[in-house]
Structures are given as C-alpha cells and as structure tokens.
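All remarks here apply to the structure that follows.
These numbers were taken from a predicted model, which means no experiment stands behind them.
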Amino acid sequence: MKKFGLEKRLLFIMAMIFALVLTACDNAARLEGEGDDGGETEELAPEDITIGLSVSTLNNPFFGKLENGVVETAEGQGSTVQTVDAQDDTATQINDIDDLIQQDVDILLINPVDSDSIVPAVESANDADIPVITLDRSSSGGEVVTLIASDNVEGGEMAAEYIADSVGEDANVVQIEGVPGASASNERGEGFNNIAEDQLNVFESQSGNFNRSEGLSVMENLLQSHSDIDAVFSQNDEMALGAMEALESAGLDDDVMVIGFDGNDDAIQSVEDGDLDGTVAQQPYDMGELGVEAVYDHFSGETVEEEISSPLELVTADSED
C-alpha cells in the first residue's frame, strides 16, 4: 500500500509540473508578436500622444524642414511635439534626450548627431520603455522601431554616375565628407566609392562636418594640394555651397563641377542660377511626415517595417528645364 501511495504522489507531482510548463509556454506564445519589438504596446490615439523630437542641428535648413514635417503633421492630428536642438553636439543630444525621458514623452523621434554616440541615449529610452524611431541617420545599437531615411548608398552612386557621365571617366575628383561616424556620411561615401573606384580618379576625401564654412575651408585646402580638380562630390548641400565659394574666389567655379546632397532651398536655387551643378535631393519634410505616420502605426498596433525609405531625386540644370 505504501508503495502504491508513493507512486500516486509522484504521478500527481509530475502532472502539476507538466501543467505549469504548458501554462508558461501558452503565455509566451500569446506575448510573442505583440508590439514591434515583441513586447506589449499600449494603444494610444493621436491626441493622447506626446512626441519627443531630438534634431542634430536646426542651423541646417534640411533639418529645419524635417522638424516642420514632424510638427505640422503631428499637431494637425492633435499630438504634442517637444523639440530639442543638439546643435551638432553629441553630449548635448544625450542630455536633451535624458530630459525628454524624464518628462515621460510617449515616443522619441531621434535624428542622431552620430550613429555610435547616440547608442547610450537609445538604450536609456529602451530601459524607460519609451519607443524610439530614428530619422535620416541610424543608431549603431539599442532597439528602434524603425529607421526612416533616404537610401544614402543609392544617392552616393547617383552623384558618382552623374560626374562620370558629365565630366568623363577617370575625371579627377575630391570628396568632402560629412560628420565622421554619422550613418549618412558612411553610406553616402560607400555609394560614391562603389562607382568612383572603377570610373573616377579620387584624389582625396576630407571631412567638412556637414557645415558650410568648414566646406569652404576644406575646399581651399584641397585646392592648395590639387591644381587639376575636375569635380567635387560634397556629402551635403551646405558643404557644397561652401566649396562653391572657395572655387569662385579661386576663379575656378566654371571649371570644376560640384554636386551636393540633400536638395535644400539654397542648393536648388543655386542650381537654377547655374552655379551649383546638381544635388541629390532628399525630401526632409516628407521624412518627418513619414516619422509621425510610423508613430501612429506603432500605437495602433500595426506592424512597422524596420526601415522606411524616403525618396531621392537628382536635380541638375537639365532636370530643372
């Protein structure tokens, strides 16, 4: 009898363990797939959402348009936007994002100064259960709902192909790079080099930090080292316009082709005036608008793609005709 009672107790214990395992598996299965990152997402109506927007610098007209796209789209739906300007300083951006986290915003839209340096801020948002969307530039770590950006690699290739077609293969070219470490700098350079390595003679690449005055200085330095430049690829329009100033001062503006990237108002006007030869035009307002649309999709429980592309267009004097 004792042996039989022991066997019954063992069978009972095994049954209980089996039931607990099944319950745990069922709970895991129900939680899997809830929200974009596998966690449960609270559904919010647009009028109940406060968006924290961190912009790398509002001194650049491109990012001013991006902010306008976010603010006007969000406020048109009743959402609140709190904008902070990092002024191209990574420490400032991290502090700003920490402030937004403390204010308990519902979601963060971040346009990073630097893709590597932004990681701690993204991870802090993750720890606070605040979702993150990155705009124009990616984060090298942490969890983000999506990256909304133009295909920078494709844009760099477009610029190099246009130079090769217009000036000719084996043209002597210099490249003015953006902020070192920024994903946009890396990707635009990658695309440009994909074509340039086979079709162009690239003398040198130097960073102008996406800044017009630095673009001017870099171009002046490059002209001192290289007297026979045929074309310049600048990784943004601000540096391209600075390079144009240096070329005009040297009396070379009619001899050297300059292609920028972004399609800001000053660059488009310069193309129309016959000064700047072209720009790979992004649509920053649309990028901001797409960011807000991704916010609403996220909080309505819809699936958001890991990357959302914003369109590009090569604008030249010929395309303006």
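D266 has a carboxylate O that lies under 4.0 Å from a charged side-chain N of R212, or vice versa, which qualifies the two as a salt bridge. Looking at R188 and D262, a side-chain N of the basic residue comes within less than 4.0 Å of a carboxylate O on the acidic one, giving a salt bridge.
The side-chain heavy atoms of T57 and F210, taken from C-beta on, include no pair separated by under 4.5 Å. Contact of the V232 side chain with the L222 side chain is not registered, since no non-hydrogen atoms from C-beta on lie closer than 4.5 Å. Under the 4.5 Å side-chain criterion, counting only non-hydrogen atoms from C-beta, M239 is not in contact with E214. F299 places none of its side-chain heavy atoms less than 4.5 Å from the side chain of E43. Between F233 and V202, every side-chain heavy-atom pair lies at or beyond the 4.5 Å cut-off.
With 3.5 Å as the limit, one finds no donor-acceptor pair spanning the side chains of Q77 and E47. Between the side chains of N111 and S56, a donor-acceptor pair is found at a separation under 3.5 Å. In the model, N211 has no side-chain atom that pairs as donor or acceptor with a side-chain atom of E238 under 3.5 Å. Counted by atom type alone, D116 and S140 present one or more donor-acceptor pairs between their side chains at under 3.5 Å. Side-chain N/O atoms of N201 and N172 include a donor and acceptor closer than 3.5 Å. Between Q269 and D273, the side chains place a donor N or O and an acceptor N or O closer than 3.5 Å (distance only, hydrogens not considered).
Screening residues 63-73 for side chain to side chain donor-acceptor pair (under 3.5 Å) gives K65-D265, E67-T83, E72-Y285 as the qualifying pairs, with residues at least two apart or on separate chains.
Under the 3.5 Å distance criterion, the side-chain polar atoms of S185 are left unmatched by any main-chain donor or acceptor of G181. In this structure, the side chain of D230 does not engage the main chain of A171 through any donor-acceptor pair within 3.5 Å. With hydrogens and angles ignored, the 3.5 Å screen pairs no side-chain donor or acceptor of S138 with any backbone N or O of S183.
Heavy-atom minimum distance, F63 versus R137: CZ-NH2, 3.5 Å. When every heavy atom of T316 is checked against every heavy atom of V271, the shortest pair comes out as C-CG1, 3.6 Å.
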For a side chain to side chain contact (heavy atoms under 4.5 Å, CB included) check, start with the C-alpha distance between N60 and N236, then their side-chain angles and the critical distance, and finish with the verdict. CA-CA 10 Å; N60 186 326; N236 85 338; 3.6 Å; yes
If you apply the rule side chain to side chain contact (heavy atoms under 4.5 Å, CB included), what do you find for L147 with E306, and how did you get there? CA-CA 6 Å; L147 162 66; E306 291 183 3; over 6 Å; no
